[in-house]
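Take a look at the structure set out below.
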2 protein chains.
Amino acid sequence: MESQDLKKAGLKVTLPRMKILELLESSEDRHLSAEAIYRQLLEGGEEIGLATVYRVLTQFEAAGLVNRHHFEGNQAVFELERGRHHDHIVCLSCGRVDEFTDNVIEERQKAIAERLGYTIKDHALILYGECNRDDCPGRQKA
Amino acid sequence: MESQDLKKAGLKVTLPRMKILELLESSEDRHLSAEAIYRQLLEGGEEIGLATVYRVLTQFEAAGLVNRHHFEGNQAVFELERGRHHDHIVCLSCGRVDEFTDNVIEERQKAIAERLGYTIKDHALILYGECNRDDCPGRQKA
DNA sequence: GATACCGGTGAGATTCTTTCTCATATACGA
DNA sequence: TCGTATATGAGAAAGAATCTCACCGGTATC
């Protein structure tokens, strides 16, 4: 029930917000750019402006409903916050994104920040590589 | 002798390239945006266009002379490659950047990539926080 | 039930960073 | 020194994200 999420976040339940939230929840690809969301909404017959998509996503981010990532490339991507922190590994050839967590790394990060005199607020750990999927264009046919 | 570096990188020794390289080597702040470099060149009386700064930095990056980072904020920053890989911790209040390395993290990253079926090409690990310097605007006077 | 209010929206303009275009200037081997 | 390929500078252009502002739709008020 997405409308609950919106109300909980202190946001009015409006059609664009609902549609965007639905799309984020149902999309196979968990990491979507604002443009991609906009396009899919148009294809779905919705009359939602790009400005609204950006606005809503920014509100969602502020409300903690989504996370914004800046992977390689120009546009930011958004993913639904699902309560489990994770980092990302991105295929440079096909754009595929996998998620992972590593407690050892998390602990080391905290220790490093403390040692250097920082109060850590956030972190970005992104690995870039080539994946081994058959349909990845970067893959040499074996 | 910067001109050696340029020749080694297969780049013609031109005035803009020399000046930009010198600036990167002598700057107190190791992480400079293209704009910042451009401004400092102008202040130094050089007649170098912004387009040239971007072009040269991109060439330097391709030649492995500099690294490009996308920290929080809109502009990329560039730093001279000094042969020692390191990650970054950035103060969200004052923009200060510190560098660190952690072999444990590096090893874990490799293991994770392998486990997920990726050949790792690069990685970005950036910690964001508040530093404890006296002159940091984010600091509460103690 | 009519009306005033207020946040939300869409379209386009705007900003900002970065890249591109192209005429001119420069480096460097012959 | 000359010739040619390459580099440069200025401005135009592209691309992402934000801002402006008139309009629209609920909601509250009477």
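A, B, ... follow the sequence lines: proteins, then strands. Residue 1 opens every chain.
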Exercise for the section: Report the distance from atom CD of A:Gln75 to atom P of C:dT17, rounded to the nearest whole Å. Expected result: 18 Å
Problem - Sugar-phosphate, base or nothing in reach of B:Arg17, heavy atoms under 4.0 Å - result: sugar-phosphate
Completion exercise
Against the side chain of B:Lys12, the closest entry in C:dT17, D:dT8, D:dA7 is D:dA7
Exercise for the section: Return the value, rounded to whole Å, for the distance between atom CG of B:Leu15 and atom C1' of D:dT6. Expected result: 16 Å
Fill in the blank from the handout: Across all chains, not counting sequence neighbours, the side-chain hydrogen bond (donor to acceptor under 3.5 Å, both in side chains) partners of B:Thr101 are none
Exercise for the section: Nearest-nucleotide wise, let me know which of B:Phe78 and B:Lys7 is further upstream toward the 5' end of DNA chain C. Expected result: B:Phe78
Problem - Salt-bridge contact A:Arg68-A:Glu61 (side-chain N to carboxylate O under 4.0 Å) - result: yes
Problem - Nucleotide C:dT19, atom C1' - distance to CD of B:Glu61 in whole Å - result: 14 Å
Practice task
Using whole Å, report how far CG of A:Leu32 lies from P of D:dA16.
Solution key: 15 Å
Handout entry: Under-4.0 Å side-chain N/O to phosphate OP1/OP2 contact, B:Tyr54 with C:dT18
Key = yes
Exercise for the section: Applying ring pair (Phe, Tyr, Trp, His ring centres under 6.0 Å), name anything that partners B:His69, two or more places apart in sequence or on another chain. Expected result: B:Phe71, B:His88
Exercise for the section: Scan A:Arg17, A:Lys19, A:Arg39 and name whichever one has a salt bridge (Lys or Arg N to Asp or Glu O under 4.0 Å) with A:Glu46. Expected result: A:Lys19
Exercise for the section: Determine the contact category for A:Thr14: base if any of its heavy atoms lies under 4.0 Å from a base atom, sugar-phosphate if only primed atoms, P, OP1 or OP2 are that close, otherwise nothing. Expected result: sugar-phosphate
Problem - Distance in angstrom units between A:Leu21 CG and C:dG8 C1', rounded - result: 17 Å
Practice task
Identify whether any heavy atom of A:Ala34 sits under 4.0 Å from a base atom; if not, whether one sits that close to sugar-phosphate; answer base, sugar-phosphate or nothing.
Solution key: nothing
Problem - Salt bridge B:Glu99-B:Arg30, side-chain N to carboxylate O under 4.0 Å - result: yes
Practice task
Can you tell me the distance, in whole Å, between the CG atom of A:Leu11 and the C1' atom of C:dT9?
Solution key: 15 Å
Exercise for the section: Determine the contact category for A:Ile48: base if any of its heavy atoms lies under 4.0 Å from a base atom, sugar-phosphate if only primed atoms, P, OP1 or OP2 are that close, otherwise nothing. Expected result: sugar-phosphate
Completion exercise
Of the listed C:dG7, C:dC28, C:dT9, the closest approach to the A:Val56 side chain comes from C:dT9
Fill in the blank from the handout: Whole-Å distance, B:Tyr38 OH to C:dT17 C1', equals 14 Å
Problem - A:Leu50 CG to C:dA13 P, straight-line distance once rounded to whole Å - result: 15 Å
Exercise for the section: Measure from the side-chain heavy atoms of B:Val13 and tell me the nearest of D:dA17, C:dG10, C:dC28. Expected result: C:dC28
Practice task
Compare the minimum distances between each of D:dC19, D:dA16, D:dG11 and the side chain of A:Ala51, then state the nucleotide with the smallest one.
Solution key: D:dC19
